[in-house]
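Just so it is clear, the values below take in all heavy atoms, side chains as well, and ignore hydrogens, waters and symmetry mates. Atoms within a ligand are numbered from 1 in the order they appear, just like the ligands themselves.
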Amino acid sequence: MVSEGKKVAVVMGSVSDDVIMKKASNFLKEFGVDYEVNVLSAHRMPEKTREFARNAKDKGIEVIIAGAGKAAHLPGVIASYTTIPVIGVPIKTQDLGGLDSLFSIVQMPSGVPVACMSLNGAENAAILAIQILALKYDYLAEKLEEYKVKLTE
Ligand code: RP5
């Protein structure tokens with residue numbers, strides 16, 4: 001089964017996050033996974049964020065990667081509106097070194113999970129997204145096996 005249409009949404013809280021978050025989209029591109037990219041802020045664009053999260057499943061999105069810095073509520077807010085798995089990427093910050101982002105994303109209350117990556121872990125977010133998709137799409141499972149072999153080499 002080959003993936004057609006946009007399966008992953010890469011979302012970020014600000015255009016300033018793109019320098020990190022493009023590592024996720026680049027990896028998805030390399031793997032041949034179709035994705036869309038959105039800049040959405042839980043604080044500055046709360047209505048648009050809600051609308052995105054509520055409509056994502058109907059658009060065919062199967063995994064959401066959400067990166068944000070500082071009081072990084074974006075992944076958690078998105079997760080509150082959807083049953084699609086959400087992978088959070090805490091972005092490193094100047095003032096508090098990213099601990100602010102990390103704590104905002106990692107400590108979700110019971111019932112609303114977000115898979116929290118390492119600081120700036122956008123590439124791992126893409127790999128985890130592909131691993132989730134690979135449960136359904138055999139061609140991705142095969143590509144992941146090849147990727148593992150390359151890592152060893
Ligand atoms: C967060 O605030 C964004 O995710 C970004 O990491 C941080 C700073 O945003 P800008 O002030 O650079 O737009 O919402």
Side-chain angles (χ1 to χ4, degrees), residues 3-137 140 143-144 147 151:
S3 164
E4 274 169 23
K6 293 185 173 32
K7 297 295 177 210
V8 179
V10 178
V11 185
M12 64 198 85
S14 167
V15 284
S16 64
D17 298 325
D18 190 51
V19 63
I20 299 302
M21 294 310 292
K22 72 180 175 202
K23 292 181 197 166
S25 28
N26 286 345
F27 200 92
L28 293 168
K29 198 186 294 173
E30 264 178 48
F31 252 77
V33 175
D34 209 0
Y35 61 90
E36 63 173 45
V37 178
N38 301 287
V39 176
L40 286 170
S41 166
H43 305 122
R44 294 164 173 161
M45 306 156 71
E47 290 305 329
K48 283 211 157 99
T49 300
R50 175 178 172 276
E51 200 183 321
F52 160 80
R54 294 291 282 262
N55 296 332
K57 202 170 193 173
D58 288 346
K59 284 195 299 183
I61 300 295
E62 295 179 63
V63 185
I64 296 171
I65 297 173
K70 301 189 175 180
H73 299 137
L74 182 64
V77 167
I78 291 173
S80 74
Y81 285 117
T82 183
T83 57
I84 299 171
V86 177
I87 304 171
V89 180
I91 304 289
K92 237 179 178 179
T93 56
Q94 265 192 332
D95 293 334
L96 297 178
L99 273 186
D100 41 357
S101 322
L102 176 66
F103 289 167
S104 299
I105 294 176
V106 77
Q107 209 59 13
M108 286 297 290
S110 187
V112 188
V114 166
C116 183
M117 299 293 100
S118 55
L119 283 177
N120 289 349
E123 185 166 301
N124 268 0
I127 297 169
L128 183 57
I130 294 166
Q131 288 176 330
I132 293 169
L133 292 171
L135 295 170
K136 180 173 171 188
Y137 300 105
L140 289 178
K143 284 185 107 163
L144 280 171
Y147 174 72
L151 279 183

Tell me the residues surrounding ligand 1, counting only those with a heavy atom closer than 4.0 angstrom, sorted by chain and number. G13, S14, S16, D17, R44, A68, G69
Exercise: do E30 and Y147 side chains pair donor with acceptor under 3.5 Å: no
Please confirm whether the backbone N or O of N55 pairs with a side-chain atom of D58, one donor and one acceptor, at under 3.5 Å? no
Before accepting this row, confirm whether a basic side-chain N of the pair E62/K7 lies closer than 4.0 Å to the acidic partner's carboxylate O. yes
With no hydrogens and no angle check, is any side-chain donor or acceptor of S101 less than 3.5 Å from a backbone partner on K70? yes
Verify whether one side chain among T83 and K57 offers a donor that lies under 3.5 Å from an acceptor in the other. yes
Donor-acceptor under 3.5 Å (T49 side chain, L40 main chain): no
